[in-house]
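Here the structure is laid out as structure tokens; the discussion comes afterwards.
Both backbone and side-chain heavy atoms feed into the values below; hydrogens, waters and symmetry mates do not. In what follows, chains are A, B, ... by sequence order, proteins preceding strands, each numbered from 1. All values reported here derive from a predicted model rather than from experimental measurement.
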Protein chains: 2
Amino acid sequence: MMEKTEANMIERKSLHLELVERIRPLIIDSQLVPGRKVPEKDLCERFQVSRTPMREALKVLASEGLVRLEPNRGAWVTTVTTNEVKEVFPILGVLEALSGELACKYITDAEIREVRALHEDMLQSYRARDLAAYFESNQKIHRAILLAARNDTLTKSCQTLSARMQRARYIANMSEERWANAVSEHEQIIKTLEARDGQSLSAVLVEHMKNKQDSVLRWLSTTQTDQEL
Amino acid sequence: MMEKTEANMIERKSLHLELVERIRPLIIDSQLVPGRKVPEKDLCERFQVSRTPMREALKVLASEGLVRLEPNRGAWVTTVTTNEVKEVFPILGVLEALSGELACKYITDAEIREVRALHEDMLQSYRARDLAAYFESNQKIHRAILLAARNDTLTKSCQTLSARMQRARYIANMSEERWANAVSEHEQIIKTLEARDGQSLSAVLVEHMKNKQDSVLRWLSTTQTDQEL
DNA sequence: AGATGTAATTTTGAATTCATAATTAAGTCA
DNA sequence: TGACTTAATTATGAATTCAAAATTACATCT
């Protein structure tokens with residue numbers, strides 16, 4: 001019997017979208033180096049596609065802010081600048097606040113338990129000082145809350161903006177103090193979520209984001225002198 | 001003497017971006033009809049370009065949610081569905097709230113006077129029952145506040161989401177009562193802005209957006225039975 | 001007529017080609 | 001040596017081409 005649910009629909013992707021989804025993570029974890037040229041030819045060879053769909057993909061990535069197109073000079077991987085950080089984090093703050101508010105309304109008890117489990121995983125990683133694992137659980141928690149908000153547009157907006165801030169190197173530079181604080185903020189997040197206290201969760205998420213911004217800005221100031229964009 | 005300010009920089013646009021910016025308004029004011037196929041060939045002839053840059057442009061417009069690409073079946077102008085309205089307006093609410101907050105911080109006295117002037121224009125149009133002119137002033141006010149927030153990313157995010165909600169027909173269907181209320185909300189907006197009361201402005205903008213959502217939903221329910229995304 | 005199958009046509013997706021712009025390399029002269 | 005030209009090379013942008021898919025038109029059969 002043929003069901004008509006979305007889950008059963010045959011999903012066919014266009015080549016350019018496939019490329020967008022393959023190249024985006026390369027940018028997010030800095031395999032494509034910020035500030036450097038996007039090696040169009042190499043990528044075409046790597047993925048065995050012609051330049052047409054690759055260039056279409058780059059145009060989409062440009063509209064997401066992950067690459068910058070310079071007319072007649074090609075595509076460049078964008079860098080994270082202090083200015084951009086100051087612009088994007090406050091936006092992410094209010095968007096996550098909204099997601100928290102909505103999540104408290106719509107999240108199921110089962111989902112809350114899942115988030116709690118992710119939280120415990122995260123604590124585990126924190127105690128083991130396993131930054132990569134910590135970061136992954138962290139991401140999953142934020143994503144779970146976002147999904148619980150039942151708003152695909154919100155999910156997409158957050159993820160697009162997050163991607164720009166999420167160049168991998170950052171996490172490797174979180175101070176021990178900031179890390180401890182982040183964990184305690186997450187305690188608040190899980191508590192207010194379990195209490196379904198949307199107001200408080202919003203407030204915690206905004207504060208959490210503000211601290212994250214400061215942490216990133218601190219790191220940026222110690223490493224590089226903004227080069228471009 | 002050659003200055004290096006951004007204002008003086010020669011702006012060269014790629015063809016696909018030019019097309020994005022030309023086609024976007026066609027979608028926003030429904031010259032390209034929601035739910036119908038994007039006439040790729042016609043548009044190519046109209047703008048005298050080949051299919052390559054046109055198709056690049058459509059990919060970008062798809063990532064903005066203005067068209068939907070169906071593999072092997074081409075591009076379709078998206079329709080505004082109740083589900084989408086319920087998703088997007090709350091996001092716009094918090095984003096505009098943020099813009100109000102920031103605007104109160106950064107707006108200059110001269111800019112406030114400009115917004116006041118736009119507000120007076122808008123009242124003028126309201127009294128004359130000139131919906132088109134009213135709508136234009138209205139847009140300009142929201143845009144002025146957004147610009148005063150000094151956050152390009154925020155501006156872009158708002159405009160992208162607004163575009164999806166702004167199919168022209170809507171405005172033609174605002175009730176007299178809703179219109180009156182919208183005007184009085186705008187009185188509050190200009191007052192709180194002049195007082196630089198970020199908190200209050202935020203609140204008013206959220207409320208304003210909520211009412212706008214209801215108005216659009218009411219209109220949607222009277223006209224069409226949702227066909228498709 | 002209505003359903004089903006097949007051929008012709010059109011549209012789409014993506015590779016290829018080609019003109020132009022940018023970059024690099026080589027040459028010239030102070 | 002180093003600044004400035006000019007030529008060769010490469011990369012980019014966009015038109016064109018071509019294969020595959022979808023749509024339409026037509027024919028056949030019940």
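Qualifying side-chain hydrogen bond (donor to acceptor under 3.5 Å, both in side chains) partners for B:Gln213, counting only residues two or more places apart in sequence or in other chains: none. In this structure, the side-chain hydrogen bond (donor to acceptor under 3.5 Å, both in side chains) partners of A:Asp214, at least two apart in sequence or on a different chain, are A:Lys210. A:Arg150 is linked by a side chain to side chain contact (heavy atoms under 4.5 Å, CB included) to A:Tyr106, A:Thr108, A:Glu111, A:Ala148, counting only residues two or more places apart in sequence or in another chain. With sequence neighbours left out, A:Glu21 forms a side-chain hydrogen bond (donor to acceptor under 3.5 Å, both in side chains) with A:Lys13.
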*Summarise protein proximity over nucleotides 13-24 of chain D in one line of letters, 5' to 3': B for base, S for sugar-phosphate only, - for none, counting protein heavy atoms closer than 4.0 Å.*
BSBB----SSS-

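For residues 45-72 of chain B, no pair satisfies ring pair (Phe, Tyr, Trp, His ring centres under 6.0 Å), with sequence neighbours left out.
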